[in-house]
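As structure tokens, the structure follows; a few thoughts come after it.
FYI, side chains are in, hydrogens and waters are out, and symmetry mates aren't considered; it's all heavy atoms of this structure. None of these values were measured; they are calculated from a predicted model. Counting starts at 1 for both ligands and their atoms, in listed order.
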Amino acid sequence: MTIRLFDTATREVRDFNPITPGEVGIYLCGATVQAPPHVGHLRPAVAFDVLRRWLTRRGLKVTLIRNVTDIDDKVLAKSAAAGREWWAHAALYERVFTEAYDALGVLPPTYEPRATGSVPEMVALMERLVDKGHAYGTGEGNVWFDVRSWPAYGELTRQKVEDLSPEEGAEVATGSASDAKKNPHDFALWKAPKPGEPESASWETPYGRGRPGWHLECSAMARRYLGETFDIHGGGLDLRFPHHENEQAQSRAAGYGFAQRWMHVAWVTQSGVKMSKSLGNGLLVSELLKEAPAPVVRYALAAVQYRSMLEWSPDTLDEARTTWERLSGFVARASERVGDVPAEEVAKAEVPDAFAAALDDDLNVPQALAVVHEHLRAGNTALASGTDATVRSELVTLRAMLDVLGLDPADPQWAASTDDRYAAALDGLVTAELKARAEARAAKDWATSDAIRDRLAAAGIEVQDSADGARWALS
Ligand SMILES: [Zn+2]
């Protein structure tokens with residue numbers, strides 16, 4: 001059983017052999033916390049959550065780092081527009097992202113470092129690059145990586161510096177006009193403050209006061225938490241260039257092995273176009289969670305193989321909802337018949353070979369879901385005409401597979417979602433009782449109205465009368 005994963009760097013699916021047997025170090029580029037997340041932001045997190053769960057079930061000890069970019073141009077611009085301190089703005093949206101990750105059942109990373117928490121490591125890396133002749137300060141706080149000094153630059157995305165258009169990946173100096181860089185594709189390790197930026201948003205360095213360039217933080221934090229060389233680096237497809245190219249160049253130029261494999265998660269598209277804020281406000285995670293239970297949203301994001309574009313259409317959630325209801329419906333009915341299966345038993349259960357083979361094959365979730373559906377059919381057949389033992393074994397197998405995808409309907413994570421229909425049914429019944437009570441009261445039929453109240457109280461429901469009518473709550 002070998003896990004095979006596509007490597008963006010070599011453009012082939014190849015065997016995955018961890019550097020340290022039994023352990024895996026993964027660095028996933030996280031959010032720039034400047035605005036609320038839409039599904040496009042969450043897709044890489046969900047894909048890597050499935051990868052992590054699968055590697056863990058395969059017996060590997062996974063260390064997953066997902067950073068928080070809490071200082072950059074956008075954070076500064078958006079916070080200024082909102083009239084907030086930049087750090088308060090970043091903290092606000094970091095919390096919103098955390099809520100979205102939690103809502104979709106994305107397990108917390110092993111560590112979740114903020115860029116601003118690793119400034120000394122970034123400055124040390126920058127000094128190392130300057131000492132080795134791969135970077136230069138131009139005064140005023142700007143420090144540039146010299147792409148001409150590193151012949152392997154462009155290796156990750158198979159581009160040559162000469163072939164890049166002048167504006168591709170190029171950054172503009174933020175200091176004075178004289179603060180020029182040598183080559184248009186030299187990228188910022190450190191940026192001079194722009195006029196009007198708050199003092200608190202820059203740090204002293206040997207090259208002047210400034211703030212981190214985005215790429216530097218990931219190189220510094222990957223080394224801090226995963227070591228000089230680590231197994232997998234991932235992120236959204238749009239991060240390949242310039243972000244990941246630059247990360248790799250600066251880490252390797254500093255003498256570190258850096259990522260041994262690159263994994264990129266494709267976009268969420270609408271009508272074939274990458275989702276963006278202008279298109280995708282309706283696809284804010286907070287909005288989608290009003291339309292559908294959280295596991296339905298997760299299913300929609302997880303069901304497509306991570307390297308394929310996920311076309312989000314009006315049907316996407318409906319289809320996911322139908323499937324989720326079939327899966328959770330079977331788990332509910334089977335559990336009613338044979339009793340709840342302990343989570344530990346589900347965690348230890350063997351998954352079918354075909355399911356394992358699908359996930360071992362570059363995380364082929366659609367193929368794995370086909371195996372899930374075979375067992376769902378077998379489970380439903382067993383419910384209709386099989387023995388309790390067959391029902392139970394299908395229940396355990398199905399839950400074990402869904403657990404790998406983070407979609408086990410019996411997981412307490414989804415309890416609120418699976419209870420939705422119960423809550424709606426209860427509300428319907430109690431509302432009918434309260435209507436009958438209101439009619440009895442209007443007719444001064446106190447005996448009936450009291451009887452209804454007592455019946456509800458006996459069921460654990462407390463009725464409160466108010467000017468707007470009766471309200472109810474669980475007592
Ligand atoms: Zn990064």
Output, in order, the C-alpha distance, side-chain angles, deciding distance and verdict of side-chain contact (heavy atoms from CB on, under 4.5 Å) for Cys29 and His244.
CA-CA 9 Å; Cys29 290; His244 288 161; 3.2 Å; yes
CA sep, side-chain torsions, deciding dist, call: Arg399, Glu345, salt bridge (Lys or Arg N to Asp or Glu O under 4.0 Å)
CA-CA 10 Å; Arg399 281 188 56 196; Glu345 188 182 338; over 6 Å; no
Start with the C-alpha gap between His375 and Phe355, add the side-chain angles, then the distance that decides, and say whether side-chain contact (heavy atoms from CB on, under 4.5 Å) holds.
CA-CA 11 Å; His375 283 269; Phe355 179 86; over 6 Å; no
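Trp150 contributes atom CH2, which lies 7.0 Å from atom CZ of Phe145 (distance to the nearest 0.5 angstrom).
For the Zn ion (ligand 1), the set of nearby N, O or S atoms under 2.8 Å includes one belonging to His243. Between the Zn ion (ligand 1) and His244 there is no N/O/S contact shorter than 2.8 Å.
Distances from the Zn ion (ligand 1) to each N, O or S atom of Glu247 single out OE2 as the nearest.
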